[in-house]
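From a predicted model like this one, the values you see are computed outputs, not experimental measurements.
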There are 2 protein chains.
Amino acid sequence: MSKQELEVLGQEAADACCAGLASAPLDDDRATELAKLFKALGDPVRLRLLSMIASRDGGEVCVCELTPAFELSQPTISHHLKLLRQAGLIDCERRGTWVYYWVLPDTLDRLAQFLRTPQSAGAPA
Amino acid sequence: MSKQELEVLGQEAADACCAGLASAPLDDDRATELAKLFKALGDPVRLRLLSMIASRDGGEVCVCELTPAFELSQPTISHHLKLLRQAGLIDCERRGTWVYYWVLPDTLDRLAQFLRTPQSAGAPA
DNA sequence: AGGTTGCATAGAAGAACGTCAATGCAAGCC
DNA sequence: GGCTTGCATTGACGTTCTTCTATGCAACCT
């Protein structure tokens, strides 16, 4: 019943703000778009990179701090950062010698909204 | 400073309830565990399957309804359902001839919590 | 200008993934 | 029992991903 009413609102309205995965079956296009984002998060190195950037007080981290935190080659870290950037999860800027990365919270929040189930959506915490 | 205090609380406390990716840099084990979950969501077919199951009023869907919704072979759908189940996102039960799937909301909510950035964590909506 | 350092890009190799046809197995039906 | 139907499993194949070494480019430092 309330479900029916929601669907009457139309797909656009739901997409625009807060359509969760439980509000209606995903169409193929939207599923493909969201899958790219989740795929970007589906690697432990990228999750750690994202977390290292997001948990930084100043909001920015120099690549020169990220690379030595892993037992991986520098090009590998650079590659993962590129994927995160292409997914719209982070962005970067070169300032002189060093390159700084920061998180784009909107993309993360959009994914968080998408994952929230109806039962949890009511609880503010 | 407040950052320091948070870390003094210990990783367990943060893990237990609501540690977001921005609360502290992820350790390797936790990153690996979370990456598996996100990887399970990183495919359009699996996202659509999950959405089809989650958006069902009764909470349960018969495989016989899921399979024909895709232009993919039956084993392929079965394979994706298995991955979702191994990730702890859904579960299933055989009842007579048919098999029914339903969503496990706890895993989804845990991921949603993880993705919420500090700035959005305050807003209840 | 020449050398050094920080990071990105290119290309290659091995592992992991998505898909299918073929098969297996359980449950219902004759 | 034998046949049919619903779904899972197996094994194979092409694609994508992760990682590396080698290289390129920009910025700094004499």
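- Under a 3.5 Å cut-off, the side chain of B:S51 and the backbone N or O of A:A24 do form a donor-acceptor pair.
- At a threshold of 4.0 Å, the pair B:E33-B:R110 counts as salt-bridged, since one of the basic side-chain nitrogens sits closer than that to a carboxylate oxygen.
- In this structure, B:F114 and B:F38 have tilted ring planes: the angle between them lies in the 30° to 60° band.
- The nearest whole Å value for the distance from the CZ atom in B:R95 to the C1' atom in D:dG6 is 15 Å.
- DNA chain C lies under 4.0 Å from at least one heavy atom of each of the following residues of residues 66-84 of chain B: B:L72, B:S73, B:P75, B:T76, B:H79, B:H80, B:L83.
- Between chain A and DNA chain C, the heavy-atom contact criterion of under 4.0 Å yields a 5' to 3' nucleotide range of C:dG6 to C:dT9.
- Note on A:Y100: nothing from the nucleic acid sits closer than 4.0 angstrom, heavy atoms only.
- Put simply, the side chain of B:T67 never gets that close to the backbone of B:S73: no donor and acceptor are under 3.5 Å apart.
- Between A:R46 and D:dT18 there is a side-chain N or O to OP1 or OP2 distance below 4.0 Å.
- Stacking of B:R95 on the aromatic ring of B:Y100 is recorded, both the 6.0 Å distance cut-off and the 45° axial limit being met.
- A cation-pi arrangement is not found for A:R85 relative to A:Y101, the charged atom failing to lie both closer than 6.0 Å to the ring centre and inside a 45° cone about the ring normal.
- Without hydrogens or angle criteria, A:R46 side chain to A:K39 main chain gives a donor-acceptor distance under 3.5 Å.
- Summarising the geometry, the separation between CG on B:D43 and C1' on D:dC17 is reported as 14 Å, rounded to the nearest angstrom.
- When the nearest nucleotides of DNA chain D are assigned to B:C92 and A:K39 by heavy-atom distance, the more 5′-ward of the two goes with B:C92.
- Of the possible donor and acceptor atoms, one in the side chain of B:T107 sits under 3.5 Å from a partner among the backbone N and O of B:G88.
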